[in-house]
Structures are given as structure tokens and as C-alpha cells.
Novice: 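First the structure, then my questions, so here it is.
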Amino acid sequence: MSCRRAFEIDLLAYLAEPREAEFADFRDHYPRCADCSAELAAWTELDARLHGGGAHPEVEEIAAFAQAPNEMDASARGLLEAHVRGCASCRDELHGLRAFDARGFAAAPAEEIRPEAPSLGVRLRRLLWHPAFAYGLLLLVAAPTVFWLLRPLEESGSLAPTAVFSDHAPAEAEDRAAAQEMIEGKPKVAGKAAPAPAPATVVQRRERADALSESAPEAESAPALESAARMKSAAEPAPAAEGPHGAMAMRGAGGLMAADSAALRENLAAANELTLTRGARPTIGLRNLPDAGLRLGVPADGRSGRLDLRVIAPDGRERREQPAVDADAAWLVLPRDWLVPGVYRVERSGDLPPLEFAVR
Amino acid sequence: MSEDWGALLERLVEGDRLAFARFNRLVTGFLRQLRAYDFQDDWDDLRQEVIVALVQNARAGRLREPAALVGYTRIMTRNKFMDRLKRRLRHQEKETLPWEEETARALPATPDGEEAAALWSAVADLPGDERAIVEGIYRQGRTYQEMSDASGIPLGTLKRRLREALARLRRRMAPGPDPIGPVSQTTTRQDAS
């Protein structure tokens, strides 16, 4: 039986004012209804073709209005303002133009993001049939147990092993491309060199492996960081003369930064709090964050009052906040559902150098 | 006028504002086709995701076919919008929405000049009052009330005639099941005829 709701409403009025309250039920209905979707799609297409390209201001016009409205001809500006007031899509377009920042594009890393990601089943199959997965699983199971047995009692509460060994849960649907990249970015074959930079999770596993090896016999210097198999074989040698608490440089890991394990432990101690420091890129696990999100501490470097902060996500989204400075730091909260895996850039007001942190 | 999307993408990667404005318009156009603005006014997050993904993939050398660029952008915009729509409607992520299927047909980013010309040629063949209403609404940009005031046709009658006119145009452009439907059910108290 075909649905007639698209015929029961004033469809012309809906095309003109779809956000009216009287159409709330229809808005909720038509995307789920084949008949109403077909009817509305046909009317939408016809409406768009009749309007043609003249329904909205030219791109150059709206770009000029976004950048320098006072330099426009007064009458042209008035017409454009009137149009924008009544057109949701042009308002949205204008908003995007006003927020455009060329530097953001310059900072975007060259990561691959594909529009169509394979299904969860395909990804899981790839993961399960991967040799490195077996070694990773072994490390996942054995390492926390050994770690907690070996660490001093008073420090056992200062680090959440799960924050380091969290598994790669599939990302939400809208970030499945990032999840695919994360999985495919894992070391492909044990023993082979992987392209730099290696994933941050591998950094932390390596650090944990080295920390565990304090009582193991010394061996040669750690090889290049490539795969779980290598991590397993390299887990035995302890970093010479440093033990698990000193700084450990990651060799052969491409763009990975040297990580201070003590700073890492401190940053991971509070699963919902992260303090940024210059020259370091602390990492936090997304799965361990509460719904309230991540409390991010940004050093003010001597500034007082409020700090103008711009947080740029790996996919280019950004948040601007002006938290008050307290004890030479400003704190802001990033909601959990705003965060995606990747490297974040935090720009501070004035000429303060930017900072970074990572989420995995 | 067709765009050289490949050259625009190169300029976009360099941070060119006008190139960004063109891609901004492209994505907004797709969002309009998807009727995204039925649900909310602000899709800046989605648009940023799409455009930044374009830049990143261009830098990574993944977008070597300028001819496929528009289709690539459309697919990405559509997928991201549908994910958000499903969450909004609390729909199962893996199940396809009927609206998703309807919008899967490839539509041009902007109406094709030839198609628009053919459509307006069909408008010229409409009965006099219907033609005047269509031209008033779509060419002159009048609202229904303005058109009703200018023509003296009651608002309800005007809308009914417009709907009949559009149904004729639909039949003319894409023959199929009678698209008029129970137009008589949409008459209002203002319909004096």
C-alpha cells in the first residue's frame, strides 16, 4: 500500500519553508518512506531546475560579502543581505567562508581519507588474518599482568594500562574513513620496514615493552620500530642505563617524537585530563574518556586574563574558546563526541607557539 | 560555464580563498539537493570535513582525475550527511534509508543549461495562467502571496494551479505515473473557484 502523506501536505509550502513547525512530522517521516521520498525527490529536482543557477548569489559575490562587505556596492550588499536572511544554505555558505583560514589548509597533514570505507566485516577479516595481530594479542593479554606484578605498589595506581593497550575499536560511522586508515596504518608484515610515521599506539606499546624489560637480560639496541613481531622480539632488551623511567628515543620510527615516559604516565594518569607542554605531544585514549570529555590544560606562558585558544582537529574542524588563565594555565573541555583519533593542534593567542596532542 | 576543478583544487591546496569559495558552493549545492537544510541550518562541520579531506587526499596524490573530483565530493558529502541523518532519526546505521536511495542518482552540481532551457520551453507551452504563475514564482522570484496579490488569484487557487503546472512539467520532462495525485485534496478555504 503506497503512502499518501506527501500528497496530504502542502508540498509547495514545504519546498518553500521546510523548517516550519507544521511540517515536523513530515520531516521525520519522508526519509524513511519510499513513496514520500520519491515524491519529494521529484519535486525537489523540478524546483531546482526551474530556479536554475540564478536562485543564489554568485560565488564571487558571496565571497566578497564574507571578506569585505563594506567595500561592496550598497545596493548589491542590501540585496545580498536580504537573500541571506531568507536562505539557509547561503547563510551556511557564508558562515563557512567567514571561518576560512588558509593556514588551516597549510597545516592539514597529507593523510589518505577515502569516501567509501570497507564494511566492518572486511576490516575485521583483514585484522584477524594479519600475523601481527597474534603478537599484538599476546602482548595485550600478557603485558598488563606482568606490568602490574613488576611495578612498585605506590605507583600501580598512577597509570591505566588500558589507556595504552586499548584496542582499536572501530570509529563511528562518520569517522569510518579515519578508522580504516588507522587499521591499515598498522604494520603489515612482521620484520619489514614500515613507512614513517608509525602509529602512536606502537610508540606506547614499545615504551611499555621496554619498561617491562627492566629485569630482562640486556640485548642490543632496539631495532627500528616496525611491527608487533619486532616489538615482541625487542621487548627483552632494556634501554641501557635508563630503566623504564627515563626518556626513550624511538629509533627508526620516522616522524615519531621522543617521548618522556614519566610525562606520558602523568598525562595518562587522569583519563579525562591532559596537560600540554611545549616540545611534547601527549596522547590520550578516546575509549577511556568519560562522556563529559577531555579537560585540556594549556600553558599560558606568563599571559594573564584570558587565553584565546583555537583547537584544530585532525579532520580540520576547529573550536575557539577563551578560558581564563589560572596558575599560568587555561583549561577547556573538549566533548568526547567532538574528538576523533589523530593529532590535534592548539593555537594560542599572540605569538605563543602552537602545541599538539594526540587522541587514539 | 564548466569549472576546471583540477586547477581549483590545486589552488585550494595552496589556501586560495576563491577556490575555497567554489568548493564551498559545490558542497552546499549537494547539501541542498539532499535537502539537508530541512533539518538544520548549520552544516559547517560536515562541509569542513569534506573540504579538508579533499585537500588531504590531493596532497597525498590520491585525486589525480579532475573529472572524477565532483563525483568524489558528492559521494563524500552524501555519505557524511546520511550518517548524520540516520543518527538524527535514530535509524540503524547499516540499513539504507529510502531517502538515501532516492538521492543516490547522480545529479549535476548545478542545473545543466540545456536541461533548464528544455524545461522553460515546456513552461512556454503551459496554459496562460499557469505559465504566468510559474514565471512569476521562478523567474521573477515572487512569493506566493506577492503573486496572489499581483494577479488577483486567491492564494489557495494559485497554489493549486502552480502544483498542476509543475505536475504537467514533470510529465513532460519524465513520462511516468501521474504525478498530480489527489490535487483536489489540497484545496483550501481560500480556493474560491
Side-chain angles (χ1 to χ4, degrees), chain A residues 4 7-8 10-13 16 18-19 27-28 30-34 37-46 48-53 59-60 62-63 67 88-93 95-97 99-100 102-106 108-116 173-174 177 315-318, chain B residues 12-13 15 17-18 20-22 24-25 28 31-33 35 37-39 41-45 47-49 51-53 55-57 59-60 62 72 75-76 79-80 83-85 89 91 93 97-99 102-103 107 110-111 115-116 119 134 138 159 162-163 166 169-170 179 181-182 185-186:
Chain A
R4 308 300 291 173
F7 296 99
E8 292 165 5
D10 185 346
L11 209 51
L12 291 176
R19 300 285 299 282
R27 278 197 302 275
D28 190 70
Y30 83 77
R32 314 171 203 259
C33 172
S37 286
E39 186 70 10
L40 186 59
W43 285 105
T44 300
E45 184 175 348
L46 184 62
R49 288 179 191 227
L50 283 169
H51 274 123
V59 172
E60 292 81 4
I62 204 166
Q67 192 171 10
S89 63
C90 285
R91 277 199 305 277
D92 190 30
E93 197 173 319
H95 181 219
L97 284 167
F100 173 70
R103 291 181 304 161
F105 283 89
E111 294 171 359
E112 174 186 335
I113 298 178
R114 297 172 185 162
E116 300 286 349
E174 71 174 305
D315 53 6
R317 289 171 301 126
E318 58 181 66
Chain B
L12 175 67
V13 170
R17 179 173 286 272
L18 198 55
F20 172 81
R22 294 232 173 263
N24 202 34
R25 171 63 59 93
T28 305
L31 289 172
R32 268 199 296 269
Q33 290 177 2
R35 299 205 66 90
Y37 298 100
D38 287 8
F39 303 97
D41 280 358
D42 181 2
W43 291 99
D44 199 44
D45 258 14
R47 197 176 31 250
Q48 278 195 45
E49 285 181 25
I51 293 180
V52 168
V55 170
Q56 290 175 345
N57 281 306
R59 282 220 179 93
R62 298 290 303 180
Y72 177 93
I75 289 170
M76 209 172 358
N79 286 350
K80 288 181 181 292
D83 285 343
R84 284 162 166 82
L85 183 62
L89 299 176
H91 192 81
E93 178 192 324
L97 279 170
W99 184 242
E102 276 301 325
T103 55
L107 290 172
T110 52
E115 290 171 339
L119 187 58
V134 170
Y138 289 101
K159 284 185 174 181
L162 178 59
R163 188 161 176 165
L166 296 183
L169 290 173
R170 275 180 66 184
Q185 292 181 11
T186 64

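Letters A, B, ... are given to chains in the order of the sequence lines, protein chains preceding strands, and every chain is numbered from 1.
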Novice: Grab the two heavy atoms, one from Pro98(B) and one from Pro31(A), that are nearest each other, plus how far apart they are.
Specialist: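 Nearest pair, atom of Pro98(B) first, then Pro31(A): CD-O, 3.1 Å.
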Novice: Would you mind checking which part of Arg32(A) comes under 4.5 Å of any heavy atom in chain B, side chain (CB onward), backbone (N, CA, C, O), both or neither?
Specialist: both
Novice: If you measure from CG on Leu97(A) to CZ on Arg47(B), what distance do you get to the nearest 0.5 Å?
Specialist: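 Between Leu97(A) CG and Arg47(B) CZ, I get 8.0 Å after rounding to 0.5 Å.
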Novice: When rounded to the nearest 0.5 angstrom, what distance separates CZ in Arg32(B) from OG1 in Thr44(A)?
Specialist: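 These two atoms lie 12.5 Å from each other.
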Novice: Hey, what do you get for CD (Glu49(B)) to CZ (Arg317(A)), rounding to the nearest 0.5 Å?
Specialist: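 Output value for this atom pair is 5.5 Å.
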Novice: Given that the side chain runs from C-beta out, which part of Leu119(B) has a heavy atom under 4.5 Å from chain A: side chain, backbone, both or neither?
Specialist: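 For Leu119(B), the side chain is the part near chain A, not the backbone.
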Novice: Taking the six-membered ring for Trp, are Trp99(B) and Tyr30(A) parallel (under 30°), tilted (30 to 60°) or perpendicular (over 60°)?
Specialist: perpendicular
Novice: Can Asp41(B) and Asp92(A) be said to form a side-chain contact (heavy atoms from CB on, under 4.5 Å), step by step?
Specialist: CA-CA 6 Å; Asp41(B) 280 358; Asp92(A) 190 30; over 6 Å; no
Novice: Would you check, one step at a time, whether the test side-chain contact (heavy atoms from CB on, under 4.5 Å) holds for His95(A) with Trp43(B)?
Specialist: CA-CA 9 Å; His95(A) 181 219; Trp43(B) 291 99; over 6 Å; no
Novice: Would Leu169(B) and Arg49(A) count as a side-chain contact (heavy atoms from CB on, under 4.5 Å) here? Give the steps.
Specialist: CA-CA 11 Å; Leu169(B) 290 173; Arg49(A) 288 179 191 227; over 6 Å; no
Novice: Just wondering, do Tyr37(B) and Arg19(A) contact through their side chains at under 4.5 Å, heavy atoms?
Specialist: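 Contact flag for Arg19(A)/Tyr37(B) side chains = no.
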Novice: Before giving the answer on side-chain contact (heavy atoms from CB on, under 4.5 Å), spell out for Glu60(A) and Leu18(B) the whole-Å C-alpha distance, their side-chain angles and the decisive distance to 0.1 Å.
Specialist: CA-CA 7 Å; Glu60(A) 292 81 4; Leu18(B) 198 55; 4.2 Å; yes
Novice: Does any heavy atom of chain B fall under 4.5 Å from the side chain of Ile62(A), the backbone, both, or neither of them?
Specialist: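 Contact with chain B is through the side chain of Ile62(A) alone.
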Novice: Which one of Leu162(B), Leu97(B), Asp44(B) has the most heavy-atom pairs closer than 4.5 Å to chain A?
Specialist: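 Going by pairs under 4.5 Å, I would pick Asp44(B).
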Novice: I'd like to know which of Ala88(A), Ser37(A), Ala42(A) tops the heavy-atom pair count under 4.5 Å against chain B.
Specialist: Ser37(A)
Novice: Quick one: pull up OG in Ser89(A) and CZ in Arg35(B) and give me the separation to the nearest 0.5 Å.
Specialist: 11.0 Å
